[in-house]
Amino acid sequence: MSYRKIFETVEELEEPIPATVLGLIPSWLKGSVLRMGPGLFKVGGEPLNHLFDGQAMIHKFDLQNGGVTYHRRFIRTDAYVRAVTENRVVITEFGTAAYPDPCRNIFSRFFTYFRGIEVTDNCMVNIYPVGEDFYAVTETNFITKVDPDSLETLEKVDLCKYLSVNGVTAHPHTDPDGTVYNIGNCFGKNMSLAYNIVKIPPAQEGEGEPLEKSQVVVQLPSSERLKPSYVHSFGMTENHFVFVEQPVKINLLKFLSAWSFRGATYMDCFESNQSMGTWFHLASKDPAGYMSSHKFRTSAFNIFHHINAYEDDSFIVVDLCTWKGFDFVYNYLYLANLKQEWEEVKKAALRAPQPEVRRYVLPLDIHKEEPGKNLVSLSYTTATAVLHTDGTVWLEPEVLFSGPRLAFEFPQINYSRCSGKKYSFAYGLGLNHFIPDRIVKLDVQSRESRAWREDGCYPSEPLFVPTPGARDEDDGVLLSIVVKPGAERPAFLLLLDAVELTELARAEVDAVIPVTLHGVYRPA
Ligand SMILES: CCC[C@@H](CCO)COc1cccc([C@H](O)CCN)c1
Ligand SMILES: [Fe+2]
């Protein structure tokens with residue numbers, strides 16, 4: 001048995017199933033782990049090609065009174081319902097093109113190509129709360145309201161009804177008061193203002209749908225007018241937004257073309273800019289405004305997940321999971337690659353951009369200094385920032401974690417306590433040549449790391465839950481869905497003590513659980 005089992009189709013459950021608990025679950029831990037991922041990897045006998053193509057499945061582990069149940073359902077998206085009904089890929093996915101309707105005649109099939117692709121609503125990436133509601137999401141303009149208890153699909157929502165965006169990331173930020181911020185591409189009319197930061201106010205009693213009151217608060221320019229960068233997440237401190245513009249670009253002429261050229265997918269619309277490097281943009285939060293004079297530049301890397309960002313003195317510290325180079329990392333995430341023999345998987349990963357956790361420091365006061373001097377004066381980091389005569393500031397990072405094809409990815413922190421503030425601990429999923437095989441804790445102050453792993457086990461993103469009334473930042477529990485193909489009970493929810501990464505308990509189920517990408521812990 002091997003890691004390929006986490007990329008295989010499973011059935012949904014009609015009812016929750018009981019888990020066998022080994023060890024002791026803290027009595028205060030009452031709530032649900034909700035996670036999204038692909039659950040159907042084949043349609044009409046044809047495989048879906050990419051890691052981000054599988055049809056959305058929602059998973060839920062319920063913890064109460066020391067007992068645990070597991071439930072999962074397919075989300076009834078248009079993509080899913082039409083695929084299952086017509087037994088073919090009807091809606092083009094990230095890396096798989098829709099098949100022409102064999103029942104249609106040659107003319108109507110031909111003219112199908114002259115309509116833009118129907119944008120997918122396959123919400124297999126994350127689930128997060130907006131006000132009282134929960135939304136399963138991908139990165140397009142469609143988000144899907146779901147019932148976090150029954151896992152039923154409630155409503156498909158088109159963000160274009162409320163906001164001028166082509167999509168928003170699956171990684172919003174949420175203020176303590178419940179305000180939700182996000183960023184998305186906006187391929188608007190003049191196409192120069194290409195990234196919109198949006199704000200959704202907290203739910204107010206009797207004030208109806210928070211989405212009705214969402215608004216664009218900042219517009220950021222693209223380094224290249226017709227080629228905006230792919231954006232997966234962003235940073236937010238107490239007073240600033242941080243947007244890292246990576247050299248992985250969306251070719252708008254392809255993406256927006258009136259006709260989707262034969263069998264085109266989203267992956268076909270990406271290209272690497274081999275000369276720009278990576279740009280950092282800042283915007284103030286309140287009042288919201290783009291800081292056009294702060295032009296930060298550094299060498300090329302892919303960025304998907306921000307870990308955290310915070311202000312210290314007159315600097316913004318930005319911690320990132322990077323992949324060195326401008327070659328798109330998603331090119332290495334086709335399922336055919338990930339399901340190869342281990343030797344082949346390792347060979348493919350050798351050619352990919354290499355992972356590295358990095359700290360960048362952005363000075364807020366730049367123009368009172370002379371060019372050529374390092375402007376960073378924080379005692380605890382070696383990251384540098386040098387003003388150039390052209391007014392740009394060149395950044396060099398401090399490396400917080402680096403290992404040969406060992407990525408610290410899917411980062412999580414003690415979010416309610418530390419998001420946007422100085423912090424010490426980050427928790428991540430260790431990818432070994434892109435295969436998830438460890439849970440890692442990184443002390444970003446001491447740069448020390450420790451890991452949990454077990455032979456034949458494939459964990460997922462670890463969610464941190466703070467102990468009620470805790471004094472210390474890392475006083476809490478890490479929750480991760482782990483798959484152990486071939487075992488009698490081939491999957492379990494793992495509960496680790498977040499200080500030592502020692503096992504508190506595991507809740508085993510008699511079911512294989514396919515890979516999950518992101519999720520949330522919902523306290524009871
Ligand atoms: C050309 C790329 C377009 C952008 C949306 C417009 O801003 C990304 O679109 C998709 C489409 C399908 C699945 C996804 C997945 O979310 C990716 C991995 N998380 C993203
Ligand atoms: Fe992500």
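This is a predicted model, so every value here is computed, not measured. We count ligands from 1, going down the list as the structure has it; atoms in each ligand are counted the same way.
- Residue contacts with ligand 1 include His232, since one of its heavy atoms falls under 4.0 Å from the ligand.
- Nearest non-hydrogen protein atom to atom 5 (C) of ligand 1 is Glu139 O, 3.5 Å.
- Under the 6.0 Å cut-off for aromatic ring centres, Phe326 and Phe301 do not qualify, their centroids lying 6.0 Å or more apart.
- A centroid separation of less than 6.0 Å is found between the aromatic rings of Tyr230 and Phe270.
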For Glu152 and Arg73, what are the C-alpha separation, side-chain angles and deciding distance, and is it a side chain to side chain contact (heavy atoms under 4.5 Å, CB included)? CA-CA 8 Å; Glu152 274 168 276; Arg73 300 287 288 167; over 6 Å; no

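- When rounded to 10 degrees, the angle formed at the Fe ion (ligand 2) by NE2 (His518) and NE2 (His171) equals 90°.
- In terms of protein heavy atoms, atom 2 (C) of ligand 1 is closest to Phe270 CZ, 3.4 Å.
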Under the side-chain hydrogen bond (donor to acceptor under 3.5 Å, both in side chains) criterion, do Lys156 and Thr144 qualify, and how do the steps go? CA-CA 5 Å; Lys156 171 180 179 178; Thr144 305; over 6 Å; no

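- Nearest non-hydrogen protein atom to atom 11 (C) of ligand 1 is Phe94 CD1, 3.6 Å.
- For ligand 1, the atoms lying closer than 4.0 Å to a non-hydrogen atom of Thr140 are 11 (C).
- Ring pair Phe304/Tyr330: centre-to-centre distance below 6.0 Å.
- In the candidate list Phe255, Phe304, Tyr266, Tyr230, Tyr266 is nearest to atom 9 (O) of ligand 1, counting heavy atoms.
- In this structure, the protein non-hydrogen atom closest to atom 15 (C) of ligand 1 is Thr138 OG1, 3.5 Å.
- In this structure, Tyr80 has its ring center under 6.0 Å from that of Phe74.
- Here the heavy atom of the protein found nearest to atom 7 (O) of ligand 1 is Asn185 OD1, 2.8 Å.
- Of all the heavy atoms of Glu93, none lies under 4.0 Å from any atom of ligand 1, so neither backbone nor side chain is involved.
- Both the sub-6.0 Å distance and the 45° axial angle are satisfied by Lys441 relative to the ring of Phe425.
- With a 4.0 Å heavy-atom cut-off, ligand 1 is reached by the side chain of Thr120 but not by its N, CA, C or O.
- Between His305 and His518, the gap from one ring centroid to the other is short of 6.0 Å.
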